[in-house]
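Structure first, then comments.
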Protein chains: 2
Amino acid sequence: MNISQAARRSGVPAKTIRYYESIDLIPEADRTASGYRVYSDKDVERLRFIHHSRRLGFSVKEVADLLALWEDRSRASADVKAVAARRVDEIDAKIAELTSIRDTLLHLMDRCHGDDRPDCPILDSLADTRGCHAAEQEDEAEETRRSA
Amino acid sequence: MNISQAARRSGVPAKTIRYYESIDLIPEADRTASGYRVYSDKDVERLRFIHHSRRLGFSVKEVADLLALWEDRSRASADVKAVAARRVDEIDAKIAELTSIRDTLLHLMDRCHGDDRPDCPILDSLADTRGCHAAEQEDEAEETRRSA
DNA sequence: TGTGAGGGTTCCAGCAACGGGAAGGTCAAG
DNA sequence: CTTGACCTTCCCGTTGCTGGAACCCTCACA
């Protein structure tokens, strides 16, 4: 099948398939006499694997690792699990960061009238030296002192 | 003061200050006779505002909007609050997405032995046509049908 | 047999938001 | 006068693609 069929069946856009080939995430595709790329069901299966992995937020590098494990019939499932565990840790950290930011914003919004008047605790806080208590601003306060 | 002092006091790296100038987020700095950039306390204040805004995850474009509001003494606090509200919505969406991915990964990890044996539900799921139930795979199933 | 639509191919540019590093000018201290 | 710590500009690399230009291929239809 040609690239657009492989794209439809795998969920990976044709352009992205070419890109994956260019960065060696997938092997070079076979070509027809006229230079068209040709894909097999096995290729589509691999693309689908990549697609799903990317949707779970694995980086392309991590996907390459997962692909290698997938194709290594003698892998240990513990190795796969470790990759997934690292990803979960990253996600947890990201969620914690976003939650902290969210709480700060909601707190500021709560204290802002949100009307026609110009005075606004949100802007005040952004402009403030101490920077809206979004944790460790110690260094900044210190720099201000040092430069005085 | 010169750029590295402004960087220390504002928390924005010197390189980033130059970058902000190049994209017109901040006005062109004055220069000494020899071409060095010169910054005032007011400039540092603005940089600090930018720094805090960026830490709350606002894009550079949004920071430009916030800066404009900050410098507009006749702004309405409702406008600022609206920008913050949009940001909160984005964060909520992102957290929901990450949480969903996290749950999927934990579910898969739960069913993986994580030992020396090669069989691994995580890889199986990534390879599966239905793609680890991470929501709306309807289109993919449909494409598979259509191409059959 | 021509022709037009709808494939395919390559390469180049660009997105966000910087960071690294090269090549070179400047400044203050010893 | 030299040394080292600044400063300047410029360009490349990052991540993961996406859009577009310019061009070639294939197939159905008149």
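By convention in this document, chain letters (A, B, ...) are assigned in the order of the sequence lines, proteins followed by strands, and residues within each chain are numbered from 1.
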When you measure from the side chain of B:Arg117 to the backbone N and O of A:Ala76, does any donor-acceptor pair fall under 3.5 Å?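 Looks like no, no N/O pair under 3.5 Å.
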
Answer yes or no: is there a side-chain heavy-atom contact under 4.5 Å between B:Arg18 and B:Arg37? yes

Decide yes or no on side-chain contact (heavy atoms from CB on, under 4.5 Å) for B:Ile26 and B:Ile50, but give the supporting numbers first. CA-CA 9 Å; B:Ile26 54 177; B:Ile50 294 172; 3.5 Å; yes

Considering only side-chain heavy atoms of B:Ile3, which listed nucleotide, C:dG8, D:dC7, C:dC18, is closest? D:dC7

When you measure from the side chain of B:Tyr19, which nucleotide among D:dG16, D:dC17, C:dC18 comes out closest?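 In terms of side-chain proximity for B:Tyr19, the closest of D:dG16, D:dC17, C:dC18 is C:dC18.
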
Shared ILVMFWY cluster between A:Tyr39 and A:Ile23, side chains joined below 4.5 angstrom? yes

Separation of [X] atom [atom1] from [N] atom [atom2], in whole Å?
X: B:Arg55; N: C:dA17; atom1: CZ; atom2: P; value: 17 Å
X: B:Glu90; N: C:dA16; atom1: CD; atom2: P; value: 14 Å
X: B:Phe58; N: C:dC18; atom1: CZ; atom2: P; value: 15 Å
X: A:Ile50; N: D:dT15; atom1: CD1; atom2: P; value: 17 Å
X: A:Leu25; N: D:dG16; atom1: CG; atom2: P; value: 10 Å
X: B:Ile17; N: C:dA17; atom1: CD1; atom2: C1'; value: 15 Å
X: B:Asp24; N: C:dA16; atom1: CG; atom2: P; value: 14 Å
X: A:Lys61; N: D:dG13; atom1: NZ; atom2: C1'; value: 18 Å

Strictly below 4.0 Å, N to O, side chains only: are A:Glu71 and A:Arg46 in salt-bridge contact?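 Result for this pair is yes, salt bridge flagged.
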
Closer than 4.0 angstrom, basic N to acidic O: yes or no for A:Glu90 and A:Arg87?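 Salt bridge between A:Glu90 and A:Arg87, a charged N being under 4.0 Å from a carboxylate O: yes.
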
For a quick check under 3.5 Å, do A:Asp103 and A:Ser100 share a side-chain donor-acceptor pair by atom type? no

Determine: side-chain N/O of A:Tyr20 to OP1/OP2 of D:dG16, distance under 4.0 Å, yes or no. no

Can you build the contact string for nucleotides 22-28 of chain D? Use B for base contact, S for sugar-phosphate-only contact, and - for no protein heavy atom under 4.0 Å. ---BS--

For the atom pair CG (B:Asp128) and CG (B:Leu123), what is the distance rounded to the nearest 0.5 Å? 12.0 Å

So B:Asp115 and A:Ser77, side-chain hydrogen bond (donor to acceptor under 3.5 Å, both in side chains) or not? Walk me through it. CA-CA 6 Å; B:Asp115 56 19; A:Ser77 62; 3.2 Å; yes

Give me the distances for all protein-to-nucleotides 9-12 of chain D N/O pairs that come in under 3.5 Å?
residue, atom, partner, partner atom, Å
D:dT9, OP1, B:Arg31, NH2, 3.0
D:dT9, OP2, B:Arg37, NH1, 3.0
D:dT9, OP2, B:Arg37, NH2, 2.9

